[in-house]
Structure formats: structure tokens, C-alpha cells
Amino acid sequence: MNPHPQAAPSEAPAAPDALGTCAARARSAELERLITEDPGRFRILTGDRPTGRLHLGHYFGTLHNRVRLQNLGVELFVIIADYQVLTDRDVADDLRSHVDELILDHLAIGVDPERSTIFTHSAVPALNQLMLPFLSLVSVAELNRNPTVKDEIAHSRQSAVSGLMFTYPVHQAADILFCKANLVPVGQDQLPHLEVTRAIARRFNDRYGRGTSVFPRPEALLSEVPLLLGTDGTKMSKSRGNSVVLAADADETARLLKGAKTDSERHITYDPATRPEVSSLLLLAALCQGRTPEEVAAGIGAAGSAALKKTVTEAVNEYLAPIRARRAEYARDRGELRRILRAGNERANAVADATLAEVRAAMSGDY
């Protein structure tokens with residue numbers, strides 16, 4: 001082992017500014033066109049941490065887009081990032097149950113295990129071995145000033161911030177690059193993480209590639225994420241108890257939406273700036289019905305918040321009915337869940353082993 005490894009390059013991955021975000025949106029529109037023309041050229045890595053049940057905010061924010069891309073013909077890898085649970089928690093509570101719930105949610109919404117790969121982070125050792133060479137390609141200062149890391153630290157549930165927290169962007173880079181994903185669906189706030197991944201890919205290729213590209217530089221696929229508030233009027237979140245989870249039955253959904261915060265004005269209008277809670281409910285109904293929020297509001301008019309909640313409840317329950325039916329069917333056979341996960345883990349391991357072998361060869365470590 002070289003006791004004096006080469007220092008990490010001094011240039012930092014740039015945080016996206018307003019101009020950078022505009023460029024990312026323009027590029028995303030171009031990528032959507034390219035996906036339609038030739039979906040087979042793209043491989044996507046996406047996923048979730050198993051920290052609780054997924055809710056309607058997750059569904060309309062990211063989950064339905066995964067199914068859309070899969071159905072277009074894009075190769076989809078869905079990571080259940082169980083190791084990453086420890087980045088902001090002292091322990092990973094009820095992990096097995098949360099993993100099962102994530103698998104059920106993905107199967108219920110239409111992720112097809114025959115066309116897409118669902119796997120757990122901890123089951124792919126070669127993926128995690130990529131962390132070591134990748135960490136040598138970034139500086140402590142770069143990790144320390146990453147805005148997403150700062151936000152994670154600010155909201156950490158740990159008694160003290162662990163070293164894993166600072167390596168979180170590099171961990172995600174390994175998740176993306178192990179399968180050589182060239183497209184990553186992200187929200188605007190996740191662009192800094194992807195810039196770290198792109199920097200690592202570039203630096204590895206420059207240092208070890210010998211004129212070839214071992215890793216692609218994955219691009220961001222930005223989409224408009226609807227802002228759905230929780231039933232208390234704040235951001236919908238697993239931990240705040242203010243969400244409608246995909247696993248909820250019709251009665252529970254009705255109870256939760258009946259208690260949703262609105263306002264005192266009787267006439268229902270769509271005005272996100274001054275009436276955020278009412279507007280969020282209108283948007284939810286509109287997403288479920290394939291209409292605009294303004295159209296939903298016009299149909300309710302002066303009938304008040306009770307009519308609004310009734311409209312939203314009926315729309316959500318009708319929309320979720322086939323998803324709930326598929327979920328119940330899969331939930332009856334836990335053995336099938338294990339089989340699907342084993343098959344996904346085997347596929348991910350084969351890909352990760354091949355990538356790690358290529359990395360070792362590039363680093364002259366294939367001895």
C-alpha cells in the first residue's frame with residue numbers, strides 16, 4: 001500500500017445555481033426525446049431508504065415516473081438502500097419489515113421484476129468495495145461543503161454525526177456507478193449529489209482509464225415534482241405522521257383526509273401562494289383524476305372544505321384501488337417476495353462483480 005496516495009484533485013463539484021438548474025431542465029427535455037427514440041441506450045439507478053412506508057408524495061414525486069420509464073423500455077435498477085439508513089440513525093429499526101414494504105410498494109405500482117432489478121444495498125459486497133477508491137478521489141472539504149450533506153446533518157437523528165454521514169454522496173456515487181447507470185431521475189435539491197458522482201466518474205477515468213472511459217458520467221433527469229403537503233399543512237413526510245401511505249386502505253385514507261388542514265374560506269379556489277393547504281388537496285385530486293387543479297376547484301365552488309375533502313377522498317381511493325389490489329395479492333405470498341429479491345440481488349451482484357473486476361484491472365490491482 002502506498003503510504004502517500006495522490007491527493008484528491010482540488011477542483012470541487014459545482015453546486016447548481018439558477019443558471020445550472022435551467023441548463024439541467026433543458027437537458028432533461030432533450031433526454032426525454034432521446035429516451036422516446038432509443039430507450040435501450042439508457043440505464044437508470046434509483047431507489048429509496050427503507051425507513052418507513054411510502055406515501056402519495058413519493059408516488060407522484062418519483063414512483064410513477066419509474067414505472068413510466070420502465071414501460072418505455074429503459075433498463076431500471078431499484079436499490080433498497082438499507083445500509084444508508086445508518087447515515088442519519090443510530091440503529092436501523094424494523095429493517096426487514098421496511099424492506100418488505102418497499103418491495104410490495106414497487107410491485108404494486110407496476111415495477112416488473114422481469115424487466116427491472118430490485119435489490120438491497122447490503123447484499124452486493126462489490127458495490128461497497130467501490131467506496132474505497134472513490135473516496136480517494138474527493139477531498140474532505142468537498143464533502144463538508146456539500147449542501148445535501150449539510151441538510152442531512154441538520155436533520156440527523158443520531159446522537160452524534162457519524163463518518164458515514166460525510167461519505168453519503170460517495171456512497172450514492174457507488175450506487176449509481178456500480179451498474180454504470182447513465183441516467184438518474186432526481187429532484188433539483190439532489191443535483192449536488194449527482195455532481196459528486198459525475199466528478200468521481202471523470203476523475204477515475206482521467207486517473208486510471210488510460211484513454212478509455214471506465215465509467216459514464218450520469219446525467220440528471222429532472223421532472224416537475226408536484227408539491228403535496230401533508231395533512232397538517234407541512235411537507236409530507238414518513239416521520240411526521242402526516243401522510244397517506246400507499247398501503248392504507250380506503251377507510252384509513254378517508255379518515256386521514258377528513259382531518260386534513262384547510263382554511264376558513266368557503267369558496268374553493270386553486271391558489272398555492274395564499275391557500276397552500278386547499279391547493280395541495282386540489283392538486284392531489286387533479287393528479288388522480290387527470291385534470292387540472294383549477295378544474296377540480298371549479299367543480300366544488302362554494303360547497304366548502306367538506307365537499308373538497310369528499311372529492312379528494314373519492315379520487316384517491318379510486319386511483320389507488322388497482323394498486324391496493326396488486327399489493328394485497330403480492331402480500332399473500334411472502335415467499336415470492338423473497339424470490340424476487342434473491343433474483344434481483346443475483347443480477348445486481350453479477351453486474352457489480354464485473355464492474356469491480358474492471359476497476360481492479362484499471363488500477364493494476366487484478367493480481
Side-chain angles (χ1 to χ4, degrees), residues 29 32 36 53-72 104-112 185 187 221-238 242-329:
E32 288 286 359
T36 302
R53 290 181 166 184
L54 299 180
H55 51 63
L56 288 172
H58 294 123
Y59 178 79
F60 287 111
T62 61
L63 298 179
H64 82 295
N65 195 38
R66 297 173 190 178
V67 176
R68 178 184 72 87
L69 292 165
Q70 168 199 263
N71 292 343
L72 285 173
L104 282 171
D105 283 338
H106 279 88
L107 296 175
I109 66 170
V111 172
D112 182 353
L221 185 65
L222 285 176
S223 59
E224 292 296 332
V225 178
L227 177 59
L228 291 176
L229 300 179
T231 53
D232 60 354
T234 66
K235 180 181 177 181
M236 194 176 291
S237 169
K238 293 178 186 177
N242 66 353
S243 59
V244 177
V245 298
L246 297 180
D249 62 24
D251 289 340
E252 183 181 1
T253 298
R255 178 182 61 78
L256 291 167
L257 290 173
K258 184 178 181 180
K261 184 178 179 182
T262 54
D263 58 35
S264 58
E265 187 174 341
R266 183 166 182 81
H267 193 85
I268 300 301
T269 57
Y270 183 68
D271 186 353
T274 62
R275 307 185 72 186
E277 298 91 355
V278 166
S279 296
S280 179
L281 289 171
L282 287 168
L283 177 58
L284 177 55
L287 289 168
C288 291
Q289 294 177 337
R291 297 198 289 164
T292 68
E294 291 84 359
E295 288 172 337
V296 178
I300 299 170
S305 61
L308 168 62
K309 292 177 182 180
K310 181 176 184 293
T311 297
V312 176
T313 298
E314 291 174 350
V316 170
N317 279 333
E318 182 177 357
Y319 188 91
L320 290 182
I323 293 175
R324 288 168 174 155
R326 286 193 297 268
R327 199 179 199 283
E329 183 178 350

Output a table of donor-acceptor pairs, distance under 3.5 Å, between side-chain atoms of residues 245-252 and any protein atom two or more places apart or on a different chain; print 'none' if there are none.
unit_1: D249; atom_1: OD1; unit_2: D251; atom_2: N; d: 3.2
unit_1: D249; atom_1: OD1; unit_2: E252; atom_2: N; d: 2.7

*Check whether any side-chain heavy atom of N317 lies under 4.5 Å from a side-chain heavy atom of R324, and answer yes or no.*
yes
*State the CG-CD distance between L308 and E277, to the nearest 0.5 angstrom.*
11.5 Å
*Residue pair V111, Q70: steps toward the side chain to side chain contact (heavy atoms under 4.5 Å, CB included) verdict*: CA-CA 7 Å; V111 172; Q70 168 199 263; 3.9 Å; yes
*Roughly how far, to the nearest 0.5 Å, is CG of L229 from CE of M236?*
7.5 Å
*Any side-chain heavy atom of C288 within less than 4.5 Å of one from L284?*
yes
*Go through the steps for R327 and D105 under the test side chain to side chain contact (heavy atoms under 4.5 Å, CB included), then give the verdict.*
CA-CA 7 Å; R327 199 179 199 283; D105 283 338; 2.9 Å; yes
*Do L54 and H106 come within less than 4.5 Å of each other through their side chains, counting heavy atoms only?*
yes
*asked:* Within the 4.5 Å heavy-atom criterion, are L283 and L228 side-chain neighbours or not?
replied: yes
*First locate atom CG of L320, then atom CZ of R326, and finally report the distance between them rounded to the nearest 0.5 Å.*
10.5 Å
*Between CG on residue L56 and OG1 on residue T253, distance to nearest 0.5 Å*: 7.5 Å
*Where at least one partner belongs to residues 272-329, residue pairs that pass ring pair (Phe, Tyr, Trp, His ring centres under 6.0 Å), sequence neighbours excluded*: Y59-Y319, F60-Y319
*Could you pull out the closest heavy-atom pair between S237 and S243, with the gap in Å?*
O-OG, 3.8 Å
*Shortest non-hydrogen contact from N65 to S223?*
ND2-OG, 4.3 Å
*Considering residues at least two apart in sequence or located in another chain, which fulfil the ring pair (Phe, Tyr, Trp, His ring centres under 6.0 Å) criterion with Y270?*
none
_Heavy-atom closest pair, residues A273 and P276_ = O-CD, 4.4 Å
*Quick one: which residue pairs count as a salt bridge (Lys or Arg N to Asp or Glu O under 4.0 Å) with a foot in residues 291-312, not counting sequence neighbours?*
K310-E314
*Mind checking whether L282 and I300 have side chains closer than 4.5 Å, heavy atoms only?*
yes
*Sequence neighbours left out, what passes ring pair (Phe, Tyr, Trp, His ring centres under 6.0 Å) with H55? Give chain and number order.*
H58
*Residue pair L69 / L221, side-chain heavy-atom distance below 4.5 Å*: yes
*Going by the salt bridge (Lys or Arg N to Asp or Glu O under 4.0 Å) test, which pairs reach into residues 266-275, not counting sequence neighbours?*
D263-R275, E265-R275
*asked:* To the nearest 0.5 Å, what is the distance between CG on N242 and OG1 on T234?
replied: 4.5 Å
_Less than 4.5 Å apart, side chain to side chain, heavy atoms only: is that true for I268 and T262?_
no
